[in-house]
Amino acid sequence: CGSTKSMFAHVVPRKGADPEGYIVEQIVLDVMWLGHARIVIRSDNEPALLQVVDRSLAALKARGVNASCEGSVPYDPQSNGAAEGAVGRLKGTTKSLLMNLENRISAKIPLDHPAMAWLVVHAAYVRTCRVRGDDGKTAQQRARGTTHPDRLMEFGEVCRYKCRAKEHGIAGRAGRFSTGVWLGVDRRTGQYIVHCTIKAWGGSGMPGQLLRCQSHRGGRLTSSSKLL
């Protein structure tokens, strides 16, 4: 986002629009999170990307957003320098988080591993909620007027998360906490995204299931490649 400097990143199944409409849905959700009533989407003139832009504009207008598009000068990356710079900074943050994770688990994470998709999303969130500009504010403060007060856990860290009461009654029956791998924050709800690694008491949180929780305990349990 050019005005707030917020970053968004998603791993997509292919270049261009996908049949399920995943990338268009993510773009719409990102714009709605920003809260802008009017936006201009800038892209290059590649047909696959223009298709995504056209579908996104239609979806945004259906949501009441005054959306338009703007092209860039062909074969001139500097005409879209802000986006090029953002991509470079995002790549650096992603590489740093990946190296940190690989050092902790003493193993290499292949690029096609499912965790990479969450890592890219988390890298964009870290830059949005933690990096401050010359005005002393983060991108999240400019966009939403709020900050993320809690300490962010390390990506891939094994944690104890609090199970919600409506998840098959676990919180009302037995243990209120279960074990999972921390994958980031849902910026739209503020909930933590956790990959469940063990079957929790009461039937909630089956292994391999992605859950969202409001609180966790960063017990600094050792990260393990077997859990990813």
Side-chain angles (χ1 to χ4, degrees), residues 1-13 22-36 39 41 56 60 82-105 109 111 113-162 164 180-196 209-218 220 223 227-228:
C1 175
S3 62
T4 66
K5 308 304 179 184
S6 299
M7 283 192 185
F8 305 91
H10 306 282
V11 174
V12 296
Y22 171 77
I23 182 58
V24 173
E25 179 184 4
Q26 296 306 311
I27 291 174
V28 171
L29 290 175
D30 293 340
V31 172
M32 300 306 293
W33 182 86
L34 289 169
H36 296 323
I39 67 161
I41 298 179
S56 299
L60 287 168
E84 295 291 338
V87 169
R89 292 189 292 273
L90 179 63
K91 284 183 177 179
T93 302
T94 302
K95 289 179 180 179
S96 297
L97 293 173
L98 178 59
M99 291 176 61
N100 179 50
L101 174 60
E102 291 178 336
N103 288 336
R104 295 201 325 268
I105 66 177
I109 303 294
L111 293 179
H113 193 282
M116 290 299 301
W118 293 102
L119 180 63
V120 171
V121 175
H122 180 59
Y125 180 75
V126 168
R127 296 205 62 88
T128 297
C129 74
R130 285 293 187 256
V131 178
R132 297 184 180 275
D134 296 335
D135 58 357
K137 295 182 179 180
T138 65
Q140 180 165 328
Q141 285 178 296
R142 300 187 198 101
R144 309 282 291 186
T146 60
T147 60
H148 192 284
D150 297 332
R151 176 185 67 84
L152 291 178
M153 299 186 70
E154 297 185 42
F155 183 87
E157 181 178 347
V158 179
C159 67
R160 299 279 293 172
Y161 65 92
K162 186 177 181 180
R164 296 179 295 183
V181 177
W182 196 86
L183 296 177
V185 179
D186 186 334
R187 72 171 73 200
R188 299 174 187 90
T189 64
Q191 294 176 300
Y192 303 107
I193 302 172
V194 178
H195 178 263
C196 182
Q209 183 181 2
L210 284 174
L211 299 175
R212 284 165 170 77
C213 61
Q214 291 286 6
S215 61
H216 58 69
R217 291 176 178 173
R220 291 296 176 183
S223 300
L227 298 179
L228 290 174

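Values in this document were obtained by computation on a predicted structure and should not be read as measured data.
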(request) Could you tell me which residues satisfy ring pair (Phe, Tyr, Trp, His ring centres under 6.0 Å) with Trp118, sequence neighbours excluded, listed by chain and number? (result) none
(request) Answer yes or no: is there a side-chain heavy-atom contact under 4.5 Å between Met7 and Arg89? (result) yes
(request) Could you tell me whether Arg142 and Asp135 make a salt bridge, using a distance below 4.0 angstrom between a side-chain N and a carboxylate O? (result) yes
(request) Using side chain to side chain contact (heavy atoms under 4.5 Å, CB included) as the criterion, point out the one residue from Asp30, Thr138, Thr128 that pairs with Ser6. (result) Thr128
(message) Once side chain to side chain donor-acceptor pair (under 3.5 Å) is applied, do any residues pair with Arg144, and if so which ones, sequence neighbours excluded?
(response) none
(message) Testing the 3.5 Å rule here: is there a donor-acceptor pair between the side chains of Arg132 and Gln141?
(response) yes
(request) Side-chain contact test, heavy atoms from C-beta onward, threshold under 4.5 Å: evaluate it for Glu154 versus Trp182 and give yes or no. (result) no
(message) How close do Tyr22 and Pro13 get, counting heavy atoms only, and between which atoms?
(response) CD2-CD, 4.3 Å
(request) Could you list the residues that satisfy side-chain contact (heavy atoms from CB on, under 4.5 Å) with Val121, not counting sequence neighbours? (result) His10
(request) Walk me through it: do Leu183 and Leu210 pass the test side chain to side chain contact (heavy atoms under 4.5 Å, CB included)? (result) CA-CA 9 Å; Leu183 296 177; Leu210 284 174; 3.6 Å; yes
(message) If you define the side chain from C-beta out and look only at heavy atoms, does anything of Leu101 sit under 4.5 Å from Glu157?
(response) no
(message) Evaluate Ile41 against Leu60 for side chain to side chain contact (heavy atoms under 4.5 Å, CB included), listing each step before the verdict.
(response) CA-CA 11 Å; Ile41 298 179; Leu60 287 168; 4.1 Å; yes
(message) Test of understanding: with side chain to side chain donor-acceptor pair (under 3.5 Å), list the residues that count as partners of Thr93, not counting sequence neighbours.
(response) Arg127
(request) Give the minimum heavy-atom separation between Val11 and Met116, together with the two atoms involved. (result) CG2-O, 4.3 Å
(request) Could you check if a side-chain atom of Tyr192 sits within less than 4.5 angstrom of a side-chain atom of Tyr161, using non-hydrogen atoms only? (result) no
(request) Decide side chain to side chain contact (heavy atoms under 4.5 Å, CB included) for Ser3 and Leu34; before the verdict, give the C-alpha distance in whole Å, the side-chain angles of both, and the deciding distance to 0.1 Å. (result) CA-CA 10 Å; Ser3 62; Leu34 289 169; over 6 Å; no
(request) Only counting residues at least two apart or in another chain, list the ones meeting side chain to side chain donor-acceptor pair (under 3.5 Å) with Ser56. (result) none
(message) Check whether Asn100 reaches the backbone of Ser96 with its side chain - one donor and one acceptor, N or O, closer than 3.5 Å.
(response) no
(request) May I ask you to test the His122-Leu97 pair for a side-chain heavy-atom distance under 4.5 Å? (result) yes
(request) Could you tell me which residues satisfy side-chain contact (heavy atoms from CB on, under 4.5 Å) with Asp186, sequence neighbours excluded, listed by chain and number? (result) Arg188, Thr189, Ile193, Arg212
(message) Could you report the tightest heavy-atom contact between Gly180 and Val194, atom names first, then the distance?
(response) CA-CG1, 3.6 Å
(request) Write down the atom of Ala115, the atom of Phe155, and the distance for their closest heavy-atom approach. (result) O-CZ, 3.4 Å
(request) Check whether any side-chain heavy atom of Phe8 sits under 4.5 Å from a side-chain heavy atom of Gln26, and report yes or no. (result) no
(request) State, to 0.1 Å, how close Cys159 and Met153 come at their nearest heavy-atom pair, and which atoms those are. (result) CB-CE, 3.3 Å
(message) Can you give me the closest heavy-atom contact between Ala124 and Leu90, atom names plus distance?
(response) N-CD1, 3.6 Å
